[in-house]
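Step one of this worksheet: look at the structure below.
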Amino acid sequence: MEWPILADLSQSEALEVLKLCSRRRIGRGEFVCREGERGDRLFLLESGHALVETVTSEGNVSTCAVIGPGDVFGEQALVSGIDRRAASVVAIEPLDLLYMTRPEFERLSVAHPAVNKFLLTIMAARLQDVTTQLLEALYGSADQRIFSSLQRLARAYRTPDGIGARIPLHQGQVASLAGTTRPTANRIL
């Protein structure tokens, strides 16, 4: 698989990153990680799709993102002193993952300092995504937010021919991604 996040590394550095990774298979409906649990590894999603979810202060589950092949998550476990997961990741379908622990990444970054660019690239992409979603939430109408969410989902679920997409989420999950209620999403859809 081509990993877009590794594109800026030399071929040898990208191979060093991938050689350090272990494999893990997750079944549909299973959690890769749970919000609040100890985080000590970075994941690279090879196949399948998963939901990134958090629990609000009112106890409701909020869907923050849908991730798919080529996506990376858990990077904060490698760089921050905070070792608790900020969100849960649950498989929508079976997942094939690669993962790397913090000590493994630290050894690699000492041997190949340019690999630190890998983390910077991930963090910059994450910041851009959060900024875009914040601006949509603050200034976009519910219609615009639903449309943007559907565009992101269509990209994540596009068919191999690139013509269509089958999105296996229910209206409540689409509404949560758009920061609106299910009745509002139902009306807009």
Inset, instruction - Give a yes or no answer on whether the side chain of Glu53 reaches the backbone of Cys64 with a donor-acceptor pair at less than 3.5 Å. - result: no
Inset, instruction - Give the cluster check for Val66 versus Leu45: same hydrophobic cluster or not, with ILVMFWY residues linked at side-chain heavy-atom distances below 4.5 Å. - result: no
Legend entry - Pairwise distance CZ(Arg28) to CD(Glu30) - rounded to 0.5 angstrom: 11.5 Å
Legend entry - CZ (Arg24) with more than 12 external heavy atoms under 6.0 Å: yes
Inset, instruction - Go through the steps to decide whether Glu136 and Ser148 satisfy the test side-chain hydrogen bond (donor to acceptor under 3.5 Å, both in side chains), and finish with yes or no. - result: CA-CA 9 Å; Glu136 284 178 359; Ser148 291; 3.1 Å; yes
Inset, instruction - Mark yes or no: Arg34 above the aromatic ring of Phe31, with NZ or CZ under 6.0 Å from the six-membered ring centre and no more than 45 degrees from the axis. - result: yes
Inset, instruction - Determine whether Val32 and Leu97 make a side-chain contact, defined as any pair of heavy atoms from C-beta on separated by less than 4.5 Å. - result: yes
Inset, instruction - State whether Arg102 and Asp40 are salt-bridged, where the test is any N-O pair (Lys NZ or Arg NE/NH1/NH2 against Asp/Glu carboxylate O) under 4.0 Å. - result: no
Inset, instruction - Supply the atom-to-atom distance Met100 CE to Ser22 OG, rounded to the nearest 0.5 angstrom. - result: 9.0 Å
Inset, instruction - May I have the step-by-step check of side chain to side chain contact (heavy atoms under 4.5 Å, CB included) for Leu51 and Leu169, ending in yes or no? - result: CA-CA 10 Å; Leu51 298 174; Leu169 302 182; 3.8 Å; yes
Legend entry - Option among Val174, Asp143, Ile146, Ile188 that satisfies the side-chain contact (heavy atoms from CB on, under 4.5 Å) test with Thr180: Ile146
Legend entry - Side-chain donor or acceptor of Arg145 paired with backbone N/O of Gly140 under 3.5 Å: yes
Inset, instruction - May I ask you to check whether Ser10 and Glu13 show a side-chain donor-acceptor distance below 3.5 Å? - result: yes
Legend entry - Side chain to side chain, Thr56 and Val61, heavy atoms closer than 4.5 Å: no
Inset, instruction - May I ask you to test the Leu177-Leu153 pair for a side-chain heavy-atom distance under 4.5 Å? - result: yes
Legend entry - Gln11, CD atom: more than 12 neighbouring heavy atoms under 6.0 Å: no
Inset, instruction - Write down the atom of Ile67, the atom of Asp71, and the distance for their closest heavy-atom approach. - result: CA-OD2, 3.3 Å
Inset, instruction - Working to the nearest 0.5 Å, report the span between SG of Cys21 and CG of Leu44. - result: 5.0 Å
Inset, instruction - Give a yes or no on this: more than 12 heavy atoms of other residues, nucleotides or ligands lie within 6.0 Å of atom OH of Tyr99. - result: yes
Inset, instruction - Decide whether Val52 and Phe73 are clustered together by the hydrophobic rule: side chain heavy atoms of Ile, Leu, Val, Met, Phe, Trp, Tyr closer than 4.5 Å, transitively. - result: yes
Inset, instruction - Rounded to the nearest 0.5 Å, what's the gap from OG on Ser149 to CD on Gln133? Could you check? - result: 7.5 Å
Inset, instruction - Would you check if there is a donor-acceptor pair between the side chains of Ser12 and Glu16 at a distance under 3.5 Å? - result: no
Inset, instruction - Might you work through the side chain to side chain contact (heavy atoms under 4.5 Å, CB included) test for Leu150 and Leu189, ending with a clear yes or no? - result: CA-CA 10 Å; Leu150 289 174; Leu189 293 170; 3.6 Å; yes
Legend entry - Which atom of Ser47 lies closest to which atom of Pro69, heavy atoms considered: CA-CG, 4.1 Å
Inset, instruction - Would you kindly confirm whether Phe105 and Leu18 end up in one hydrophobic cluster when ILVMFWY residues are joined by side chain heavy atoms under 4.5 Å apart? - result: yes
Inset, instruction - Looking only at non-hydrogen atoms, find the nearest pair between Gly27 and Ala91 and report the distance. - result: O-CB, 3.4 Å
Legend entry - Value rounded to 0.5 Å, distance of OG1 in Thr101 from CZ in Arg41: 6.5 Å
Legend entry - Asp129 side chain vs Arg126 backbone, donor-acceptor pair below 3.5 Å: no
Legend entry - Lys/Arg N to Asp/Glu carboxylate O, Glu37 vs Arg84, below 4.0 Å: no
Legend entry - Taking every non-hydrogen atom, the tightest pair across Ile92 and Pro168: CG2-CG, 4.1 Å
Inset, instruction - Tell me whether Leu20 is reachable from Val72 by hopping between hydrophobic residues (I, L, V, M, F, W, Y) whose side-chain heavy atoms are closer than 4.5 Å. - result: yes
Legend entry - Donor-acceptor contact below 3.5 Å, side chain His49 vs main chain Glu93: no
Legend entry - Side chain Thr132, main chain Gln128, donor-acceptor under 3.5 Å: yes
Inset, instruction - Might you point out which heavy atoms bring Glu46 and Leu98 nearest each other, and give the distance in Å? - result: OE1-CD2, 4.4 Å
Inset, instruction - Check Ala154 against Ile167 and note the closest heavy-atom contact, atom names and distance. - result: N-CD1, 4.0 Å
